[in-house]
Amino acid sequence: MHWLKQAYDWLEFRLKLEGPVKDTVLHPVPRNTASWWYVFGSASFVLLLLQIATGILLAIVYVPSAGEAWNSLQVLNHQLPLGWFLRAMHGWGSNFMVAVVLIHMCQVFLFGAYKFPRELTWILGVFLLLMTLGMAFTGQVMRFDQDAYWGLGIGASIVARVPFIGGPLVDLLLGGPIIAGPTLTRFFALHVFVIPGMMLGFAALHIWMVVGLGINDWPMPGRIVRRSTYIQEYHELTHKDGIPFVPGAVWKDMIFSAAILAAVALCAVFLGPFGPTGFPDPTIIQTVPKPDFFFLWLYTILSFLPENLETPFILIAPVVGILFLLALPFFAGEGEKSWHRRPIAVLSITVLAVGFAVCEHLGTYTPWSPEMQAWSGDAVPVKYVHAATPLGRQGQIVFQAKQCRNCHMLGGVGGQRGPELDGVATRLTYDQLVRQVLQGGGNMPAYGKNLSPPEVTALVSFLETLHPAGQMPARDASQSYISTGELDPPQK
Amino acid sequence: MSDDKAAVTRRWVLVSIGALLNGAVALLVAVPVVGYLLGPIRKKGGYNAWIDLGGVSEFPLGETRLASFVSPGAMPWDGATAKAACWVRRTQEEKFQIFAINCAHLGCPVRWFPQSELFMCPCHGGVYYADGSRAAGPPPRGLFEYEYKVQNGKLLIDGGQMPTLANSASVRKESSACTG
């Protein structure tokens, strides 16, 4: 072993790294921060390294050309040994990275770690989150399939809503008049050079500050952060009751990072790579574009916003949100750190988490999207056909042929854009049904110009029968009084 | 001692000159490069050209058909993305309405259903009538329309840019799209 020591000494004499490295790994941390809650930051960084490694391996084969990108992904998926696995690792690594970064941010927020003196660490973290999301979006573009193509269309359509400079911004985003080769190459530059380069720099500074300022102490209710006393208090925490970072805390980081990497690998092996979906030919319009998992919430919000709120919301909300996150350590830089004494913080995270989960869930089955094939693919349930009069059957044909089914379910099958129609006769009277069909309203187009009077009669005659057996259809009491001269008998 | 100070000052002056020189060179190089970065921005209509959609006879009277074309600004490496599609509605012998494929909401491709005479968007459920006017859903306006002309029996459209709310394809002022 003598030669090993000699080699080490030879290197160290020239590198002079021992001092700073020792200072770093042995710096004292408060005893109770050696916790499983403190592992998400290091896991985020490990995932970043995984993305860089797998990304470089993919870049060896990937062709950033609009004409060839999709084909090169097919080669990766099907022809090169383990090409599919690397794509899957990179794709799942991306999902895990967004998730772990978000968890890291929530933890840091709830533990009050953004307060004095760690304001700048938090601000860099906000930018790192934005860059992580930027990587996720540009990564979806790299796939350059139908989802990527139309996703870019959605991006361009959003950018176009910026007042005054929307047009030039779209040109800049797409690199030209249309989504094509120049679009992919500029997103490639962003995804492979610009954002990762910035991320590495930001992450290095972020970690540098974590080491320099010390890891955030475990928040204790009643231990108030004050600019005048905090440094002194923290020094006492670390030097009286502290333990060295290595090995005191680092082993939990290492075990968690290994577990995360293993989880990514397991997902990659068993669930495989993402896409590519259809070939990016804009003349193939039989496509239902959908964003990747972590942008589904946005897709949901864009479908539910009222039309007049849409542009202001899309353009203002992100700016306000980001400014709020950046300003947070300045208006809440002191005070209570513990979540036990910060109800608004806990409530905010809860509301955001529930809102995010609901929007994501809705985004997985998009009830607002018409089911484009339902009119020709999903038959009218047998029980309705069986019981129908000839006129009713004619109405069922109208119902299918006029694409009503694309938005309306029958028997649990069909689109969910409009209400399910089993039982519609209990909600609307004959006259109301006719009015709704002819005039539309409430997200339904008016069919007045597109249906002949006999078609309307047949259709409504069918809809009239859609009520549970034993339950009367809705009717207009005044109408029956006019026609019979008698009030409805009281129901028994 | 005073000599030393003077020496330091002189060196700092040289450092400042060095910094200024670097700044000047950087500026000289960088400013034109800003032009390179902003290159894709064109004046309104700067990307447009008259595009041949084929013979007028390919579009039967009273019907709405999908037509595709190659964008005039296409690059050799664009592959299939050089292509674009549009909906051609022939209302009279010489009268057409040519709609962009992109939904006015967020640009997804709308599909024509001849049976119900509606355009439907698969993304967020925007619906348009046969004349392109908005029927239902989140779109803020009717479908984008291309200007067209008929020349030597061929149908030409004025296009070349992805239509968005910022450029509106090559719309004649809001057209007939909002008569509802």
Side-chain angles (χ1 to χ4, degrees), chain A residues 65-68 70 149-150 153-154 156-162 166-172 174-183 279-283 285-289 299 302-303 305 307 310-311 368-370 372 375 401-404 406-407 417 440 443-447 449-450, chain B residues 37-42 44 46-48 66-69 71-85 101-111 113 115-118 120-125 127-130 134-140 160-162 164-167 180:
Chain A
S65 148
E68 300 299 336
W70 193 85
Y149 181 91
W150 296 107
I154 292 180
S157 301
I158 290 177
V159 169
R161 290 170 183 244
V162 176
L169 280 182
V170 172
D171 290 346
L172 277 184
L174 301 184
I178 53 170
I179 303 162
T183 319
F279 187 65
D281 181 340
T283 62
I285 59 165
Q286 282 74 19
T287 172
V288 182
Y299 193 63
L302 291 174
S303 73
L305 281 175
E307 181 201 318
E310 196 154 19
T311 300
W368 53 83
S369 302
M372 301 299 253
W375 67 285
K402 297 293 179 179
Q403 281 86 33
C404 305
N406 287 16
C407 293
R417 174 87 197 165
N443 266 336
M444 178 171 158
Y447 275 81
K449 277 190 273 183
N450 309 346
Chain B
L37 285 175
L38 299 182
I41 299 176
R42 290 279 171 93
K44 226 176 190 147
Y47 279 125
N48 282 22
L66 188 70
S68 59
F69 56 90
S71 298
M75 297 286 180
W77 57 87
D78 281 349
T81 57
K83 294 192 280 181
I101 202 82
N102 305 89
C103 181
H105 180 225
L106 289 171
C108 288
V110 296
R111 277 185 237 176
F113 290 92
Q115 301 85 356
S116 56
E117 302 194 316
L118 294 172
M120 287 190 199
C121 178
C123 282
H124 295 101
V127 186
Y128 306 85
Y129 293 118
R134 177 186 172 277
Q161 203 168 4
M162 181 193 159
T164 60
L165 289 174
N167 62 36

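So you know, we letter chains A, B, ... as the sequences are listed, proteins then strands, and number each from 1.
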Q: Go through Ser116(B), Ala85(B), Gly79(B) and name the one with the most non-hydrogen pairs under 4.5 angstrom from chain A.
A: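 Of the candidates given, the most pairs with chain A belong to Ser116(B).
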
Q: Identify which part of Met372(A) has an atom lying under 4.5 Å from any heavy atom of chain B, answering side chain, backbone, both or neither.
A: both

Q: Apply side chain to side chain contact (heavy atoms under 4.5 Å, CB included) to residues Met162(B) and Ile179(A) and explain how you reach the verdict.
A: CA-CA 7 Å; Met162(B) 181 193 159; Ile179(A) 303 162; 3.9 Å; yes

Q: Just give me the residue among Ala401(A), Pro289(A), Pro282(A), Cys407(A) that pairs up with chain B most often, heavy atom to heavy atom, under 4.5 Å.
A: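 Going by pairs under 4.5 Å, I would pick Pro282(A).
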
Q: When you look at Arg42(B) and Gln161(B), which way does the side chain to side chain contact (heavy atoms under 4.5 Å, CB included) test go after all the steps?
A: CA-CA 11 Å; Arg42(B) 290 279 171 93; Gln161(B) 203 168 4; over 6 Å; no

Q: Against chain A, label Asn102(B) side chain, backbone, both or neither, depending on which of its atoms sit under 4.5 Å from a heavy atom there.
A: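 For Asn102(B), the contact with chain A is made by the side chain alone.
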
Q: Can you tell me how far apart CE (Met120(B)) and SG (Cys103(B)) are? Round to the nearest 0.5 Å.
A: 12.5 Å

Q: Quick one: pull up OG in Ser369(A) and OH in Tyr299(A) and give me the separation to the nearest 0.5 Å.
A: 4.5 Å

Q: Tell me, out of Ala156(A), Cys404(A), Pro168(A), who's got the most heavy-atom pairs with chain B below 4.5 Å.
A: Pro168(A)

Q: If you count heavy-atom pairs within less than 4.5 Å of chain A, which of Ala130(B), Ala84(B), Cys123(B), Ala74(B) leads?
A: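 The answer is Cys123(B).
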
Q: Select one option (side chain, backbone, both, neither) describing which atoms of Thr183(A) are under 4.5 Å from chain B's heavy atoms.
A: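 Thr183(A) has no heavy atom closer than 4.5 Å to chain B.
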
Q: Looking only at heavy atoms, which two atoms of Thr283(A) and Ser68(B) are closest? And how far apart?
A: CG2-CB, 3.4 Å

Q: Given a strict heavy-atom distance threshold of 4.5 Å, which part of Pro76(B) is in contact with chain A: side chain, backbone, both, or neither?
A: neither

Q: Please enumerate all residues that pass ring pair (Phe, Tyr, Trp, His ring centres under 6.0 Å) together with Trp70(A), with sequence neighbours excluded.
A: Phe279(A)

Q: Which heavy atom in Tyr149(A) sits nearest to a heavy atom in Pro280(A), and how many Å separate them?
A: CB-CB, 4.5 Å

Q: Identify which of Asn443(A), Val162(A), Thr311(A), Leu305(A) forms the greatest number of heavy-atom pairs closer than 4.5 Å to chain B.
A: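 Maximum pair count with chain B is reached by Asn443(A).
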
Q: Counting heavy-atom pairs under 4.5 Å to chain A, which of Leu66(B), Val110(B), Leu118(B) comes out on top?
A: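 It is Leu118(B).
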
Q: Less than 4.5 Å to any heavy atom of chain A: does that hold for the side chain of Cys121(B), its backbone, both, or neither?
A: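 Just the backbone, heavy atoms under 4.5 Å.
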
Q: Please answer whether the main-chain N or O of His124(B) pairs with a side-chain N or O of Arg417(A) as donor and acceptor at a distance below 3.5 Å.
A: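 Side chain of Arg417(A) to backbone of His124(B): a pair is present.
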
Q: Given the ring of Tyr129(B), does Lys449(A) sit roughly above its face, with NZ or CZ under 6.0 Å from the centre of the six-membered ring and within 45° of the axis?
A: yes

Q: Tell me every residue that passes ring pair (Phe, Tyr, Trp, His ring centres under 6.0 Å) with Tyr128(B), counting only those two or more places apart in sequence or in another chain.
A: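 Scan of Tyr128(B) (ring pair (Phe, Tyr, Trp, His ring centres under 6.0 Å), adjacent residues dropped) gives none.
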
Q: As an exercise: rank Ala135(B), Gly160(B), Pro122(B), Ala136(B) by heavy-atom pairs under 4.5 Å with chain A and give me the winner.
A: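 The residue among Ala135(B), Gly160(B), Pro122(B), Ala136(B) with the greatest pair count is Pro122(B).
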
Q: What part of Gln403(A) lies closer than 4.5 angstrom to a heavy atom of chain B: side chain, backbone, both or neither?
A: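 Both parts, backbone and side chain.
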
Q: Heavy-atom distances under 4.5 Å only: say whether Leu174(A) touches chain B with side chain, backbone, both or neither.
A: side chain

Q: Between Gln286(A) and chain B, with a heavy-atom cut-off of 4.5 Å, which part of the residue counts as in contact: side chain, backbone, both or neither?
A: both

Q: CG of Leu172(A) to CD1 of Ile41(B): how many Å apart, nearest 0.5 Å?
A: 4.0 Å

Q: Pick whichever of Gly167(A), Gly166(A), Gly176(A), Ser65(A) has the most heavy-atom pairs under 4.5 Å with chain B.
A: Gly176(A)

Q: Which bit of Ala67(B) is near chain A, if near means a heavy-atom gap under 4.5 Å: side chain, backbone, both or neither?
A: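 When you check distances to chain A, no heavy atom of Ala67(B) falls under 4.5 Å.
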
Q: I'd like to know which of Glu117(B), Arg111(B), Lys83(B) tops the heavy-atom pair count under 4.5 Å against chain A.
A: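 Answer, by heavy-atom pair count under 4.5 Å with chain A: Arg111(B).
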
Q: If I measure from the heavy atoms of chain A, does Met75(B) come under 4.5 Å with its side chain, its backbone, both, or neither?
A: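 When you check distances to chain A, only side chain atoms of Met75(B) fall under 4.5 Å.
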
Q: So which residue, Pro72(B), Gly73(B), Cys108(B), Gly39(B), ends up with the most heavy-atom pairs under 4.5 Å with chain A?
A: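 Answer, by heavy-atom pair count under 4.5 Å with chain A: Cys108(B).
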
Q: Name the member of Ser157(A), Pro177(A), Gly67(A) that forms the most heavy-atom pairs with chain B at distances under 4.5 Å.
A: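 Result: the option with the highest number of such pairs is Pro177(A).
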
Q: Shorter than 4.5 Å, heavy atoms on both sides: which option in Asn406(A), Asp281(A), Asp171(A) has the most such pairs with chain B?
A: Asp171(A)

